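Please read the structure below before turning to the comments.
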Amino acid sequence: MTEPVPYRADVTATTAEIIRDHAELEDGAETDVVVSIAGRLMLRRDQGKLAFGVLQDSTGRIQLFAMAKSTPDFDGFTGLSIGDWVLVKGIVMNTKRGELSVRVDEWTVLAHAQRSFPDKWHGISDPDIRYRQRYVDLWVTEEARTAFRQRSAIVASIRRWLGERDFIEVETPMLHPIPGGALAKPFVTHHNALDTELYLRIAPELYLKRLVVGGMERVFEIGRVFRNEGMSTRHNPEFTMLELYWAYADHADMMVLTEELVEAAALDVIGSTTIDYDGREADLSTPWRRATMEELILEHAGVEVSLGTPMDELRALCDKFGVEVKDHYGPGKLILEIYEKTTESELWGPIFVTDYPVEVSPLSREHRDRPGYTERFEAIVAGRELCNGFSELTDPAVQRQRFEAQEAEGAAGDDEAMVVDDDYIRALEYGLPGTAGLGIGIDRLIMILTGTTTIRDVVLFPTLRPEQVAATGDVEAPADD
RNA sequence: GGGCCGCUAGCUCAUCGGGUUAGAGCAGGGGACUUUUAAUCCCAAGGUGCCGGGUUCGAGCCCCGGGCGGCCCA
C-alpha cells in the first residue's frame with residue numbers, strides 16, 4: 001500500500017481561466033483573488049527560502065510561488081517530485097519578473113508519481129513509449145494534447161452539423177454474423193452461449209441501409225470498425241468510421257454534402273479551409289473537382305482505358321505498369337488496378353474520383369448513363385483516400401447477383417470478397433428508395449485537418465504488438481502456451 | 001511478407017580501428033541559495049549495453065539467430 005490520496009479536491013479555477021482573467025496584472029502585483037487549482041507539478045526551481053513550481057492542468061500551465069515564511073510545510077513542498085499531483089490554494093499574483101503565479105498558501109498532494117517523469121526538456125522521443133504509455137505522453141507532449149483535443153472538436157462539429165440537417169445518430173451491432181459492407185478481412189470471434197462464430201464489423205453499411213428500409217430517412221453512425229489487415233502510418237486495425245445514409249438523394253447530392261461537411265469541420269475547428277499537410281498545401285473550400293477514374297488514368301498514366309477496351313490490351317497495360325493480375329479479374333478490376341498503381345498516389349486533391357466499375361462496387365447502383373459503371377465516388381484529400389460514397393443499389397435481385405459474383409471471387413481465392421447476406425436482400429425486398437450513402441474515415445479526416453502524418457498520432461491507444469517484459473515488474477509475462 | 005535503420009541509466013543522448021572501472025544532462029537522493037523561467041552550484045548514487053549463440057587473449061562495438069520499434073516497399 002502506498003500513501004492514500006484524497007478522495008476529492010475542491011478546485012475553483014483552471015490555469016487557463018487564471019491566465020485569461022489576469023493578463024493585465026503588473027509585475028510584482030498581488031491580487032486578493034484566491035484560487036484553488038489542481039494538476040501535476042511539471043517543473044520546480046528551489047531558491048533557498050523561495051520555491052517556484054510549474055503546475056499543469058488540462059488547460060495549460062501556471063507558475064506556483066512558495067515562500068518559506070508563509071507556505072505551510074515548505075520543506076515538504078520543495079520535496080515534491082516532478083509529476084506529483086497537487087492541489088494549491090492561494091492568491092493570484094505576479095512575480096517581480098512578471099510571471100503570473102499562484103502563491104502557495106495551502107497545498108495538498110493529490111497523488112505521488114512513483115515513477116520518474118521523462119526528461120523535462122526533451123520529453124519522450126521514443127514512439128513506442130509514446131504510444132504504449134500515452135498517459136505519460138499526454139503530459140509531456142504538447143502536440144499530443146492538441147491533437148486529441150482537436151479530434152474531439154472535429155467529431156463534435158460533425159455531429160452538430162449532421163444534427164442540424166436532421167440526420168439521426170444510431171448504433172448498430174459490432175458483432176456481425178456475416179461480415180459485410182466492405183471488401184476487407186474481418187476479425188473472427190466466438191459467442192459461447194449461441195455457440196456460433198461472429199465477426200467484428202468491417203463496416204456498418206448493411207445495417208444502416210436496413211434502417212433506411214425501416215423509415216429512417218437520414219441516419220448516421222460514428223463508430224469503430226475492425227479490419228484484420230496490415231498496419232501502417234495510415235492504417236490501424238480498428239479505426240473510426242462515419243457512415244451516413246440519405247434517402248431520396250443520389251451520389252451527386254452526396255458529393256455536395258461531403259465537401260460541405262469537410263469544409264464546415266475545417267472552418268469550425270481549424271478556422272481555415274487551407275491546410276498545410278506534409279509540407280504541401282490543400283484547399284478544402286468547395287466545390288471540389290470531380291473527375292472519372294478513366295479521365296484521371298488518362299491524365300496521369302497517359303493511357304485511355306474503358307470497359308470497352310479489349311481484355312488483352314488491359315492485361316498488357318497491367319503488365320506494363322507492373323500490376324499483378326489474376327486470371328479471374330474482369331475489365332473493371334483491371335482498370336481499378338491500373339488506377340491504383342498509376343494514378344491514385346499522384347492525386348493530391350481535394351478531388352472526387354467517380355464512376356467506379358460495377359465489378360469492384362458490389363453495393364453501388366449502376367450508373368444511370370454508363371452501363372457497367374456505378375454512381376460511386378471516392379474523395380482524395382491531401383493525397384489521402386478520405387471517403388467512399390455512392391447511390392445505393394436498391395434492387396434485391398441485382399444485389400443477390402452481385403453477392404453471388406463476390407462469392408465466386410471468394411472461391412477464386414479473394415479473401416476480402418463478400419458473401420451473400422440473405423437478410424439484407426430480404427430487407428431490400430421490402431423496398432429501398434433511391435438513397436445515397438457515404439463512409440468517411442474519421443481518423444484520416446482528423447489527420448488531414450490536424451496536419452498529422454501518422455494515424456497513431458490521432459488514435460489514443462493504437463494497436464501495438466503486446467508488450468512482453470518479464471522480471472522488471474513493468475508488465476506481467478504472459479503464460480507460456 | 002521484403003528492404004533499410006535503430007535498441008546503452010527512469011527520460012534524452014554520448015562513447016569505439018574490438019582494449020583497464022561504459023560517460024553526460026534531466027529525473028530521483030543529500031546539501032547551498034529570498035524572484036526563478038529547462039534556474040544555478042556542490043556531493044553521492046544509479047547499467048544484464050534488447051535476448052541467445054559465435055569469432056577473439058579480450059565484444060556494447062564484428063558475425064549468426066531471435067525480439068521489439070521506426071521508415072520505405074508489397
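Here the structure is a predicted model, which is why all the values come from computation and not from measurement. In what follows, chains carry the letters A, B, and so on, assigned in the order in which the sequence lines appear, proteins first and then strands, with residues in each chain numbered from 1.
In this model, the phosphate group of C11(B) is not approached by any side-chain N or O of Ser125(A) to a distance below 4.0 Å at OP1 or OP2. A sub-4.0 Å separation between OP1 or OP2 of U35(B) and a side-chain N or O of Arg45(A) is absent.
Aromatic ring centres of Phe461(A) and Tyr131(A) lie farther apart than the 6.0 Å criterion allows. Side-chain rings of Trp348(A) and Trp288(A) stay apart, their centers remaining 6.0 Å or farther from each other.
Here the separation of C57(B) from C50(B), taken at their C1' atoms, is 27 Å to the nearest Å. Nucleotides U21(B) and C11(B) have their P atoms positioned 27 Å apart, rounded to a whole Å. Using atom P as the reference point in both C68(B) and G31(B), the two lie 45 Å apart (nearest Å). Rounded to a whole angstrom, the distance from the P atom of G30(B) to that of U35(B) is 24 Å. Nucleotides G60(B) and C51(B) are separated by 11 Å at their P atoms, to the nearest Å. One C1' atom belongs to A27(B), the other to U12(B), and the distance between them is 11 Å to the nearest Å. A39(B) and C33(B) are spaced 11 Å apart, taking the C1' atom of each and rounding to whole Å. If you take atom C1' in U8(B) and the same atom in C71(B), they sit 22 Å apart, rounded to whole Å.
Rounded to a whole Å, the CG atom of Leu64(A) is 20 Å from the P atom of U34(B). For the pair Leu41(A) CG and U37(B) C1', the interatomic distance rounds to 14 Å; values are reported in whole Å. For the pair Met93(A) CE and U34(B) P, the interatomic distance rounds to 16 Å; values are reported in whole Å. Spacing between atom CZ of Phe74(A) and atom P of U35(B) amounts to 12 Å, rounded to whole angstrom units. Taking atom CG of Asn228(A) as the reference point, atom C1' of G1(B) lies 15 Å away to the nearest angstrom. Rounded to whole Å, atom P of U37(B) lies 19 Å from atom CE of Met42(A). Atom OH of Tyr135(A) is separated from atom P of C11(B) by 12 Å (rounded to the nearest Å). Taking atom NE2 on His235(A) and atom C1' on C71(B), their separation rounds to 16 Å, with Å as the unit.
Between Asp443(A) and Arg234(A), none of the side-chain N atoms (NZ, or NE/NH1/NH2) sits under 4.0 Å from a carboxylate O, so this pair counts as no salt bridge. With respect to the salt-bridge test (charged N to carboxylate O, under 4.0 angstrom), the residues Glu259(A) and Arg290(A) qualify.
Contacts of Glu324(A) with the nucleic acid, taken as non-hydrogen atoms under 4.0 Å apart, are absent. Among the protein residues, Arg103(A) comes within range of no part of the nucleic acid, since none of its heavy atoms lies under 4.0 Å from any strand. At the heavy-atom level, Gly83(A) lies nowhere under 4.0 Å from the strands shown. Counting any heavy atom pair closer than 4.0 Å across all strands shown, Leu50(A) reaches a base atom.
Nucleotide C61(B): unpaired (no Watson-Crick or G-U wobble partner with both distances less than 3.5 Å). In a base pair of the Watson-Crick type (N1 to N3 plus N6-O4 or O6-N4) or a G-U wobble (N1-O2 and O6-N3), with each distance short of 3.5 Å, C4(B) is matched with G70(B). Base pairing annotation: G28(B) forms no Watson-Crick or G-U wobble pair, as no partner gives both donor-acceptor distances under 3.5 Å. Using the Watson-Crick or G-U wobble rule with both distances under 3.5 Å, U15(B) pairs with nothing in any strand shown.
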Per-nucleotide protein contact string for nucleotides 27-33 of chain B, where B marks a base within reach and S marks sugar-phosphate only (heavy atoms under 4.0 Å, - for neither): SS----B

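In this structure, the nucleotide among U35(B), A74(B), C11(B) sitting nearest to the side chain of Lys341(A) is A74(B). For Leu43(A), the side-chain atoms get nearest to A39(B) when compared with the rest of A39(B), U35(B), C68(B). Among the nucleotides A74(B), U37(B), G69(B), the one closest to any side-chain atom of Gln63(A) is U37(B). Looking at the side chain of Phe52(A), the nearest of the listed nucleotides G69(B), U35(B), A39(B) is U35(B).
The residue among Asp128(A) and Ser101(A) whose nearest nucleotide of RNA chain B lies closer to the 5′ end is Ser101(A). Mapping Lys69(A) and Ile129(A) onto RNA chain B by nearest heavy atom places Ile129(A) closer to the 5' end of the strand.
Arg376(A) meets the salt bridge (charged side-chain N to carboxylate O under 4.0 Å, His left out) test with Glu378(A); sequence neighbours excluded.
Between the side chains of Thr15(A) and Asp57(A), at least one donor-acceptor pair of N or O atoms lies under 3.5 Å.
For residues 310-331 of chain A, no pair satisfies side-chain hydrogen bond (donor to acceptor under 3.5 Å, both in side chains), with sequence neighbours left out.
Within a 6.0 Å sphere centred on CZ of Arg149(A), other residues, nucleotides and ligands contribute more than 12 heavy atoms.
Tested against Ile91(A), the residues Val102(A), Val33(A), Asp105(A) include a single side chain to side chain contact (heavy atoms under 4.5 Å, CB included) partner, Asp105(A).
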Derivation and outcome, side-chain contact (heavy atoms from CB on, under 4.5 Å), residues Leu296(A) and Arg289(A): CA-CA 11 Å; Leu296(A) 292 168; Arg289(A) 186 186 169 200; 3.9 Å; yes

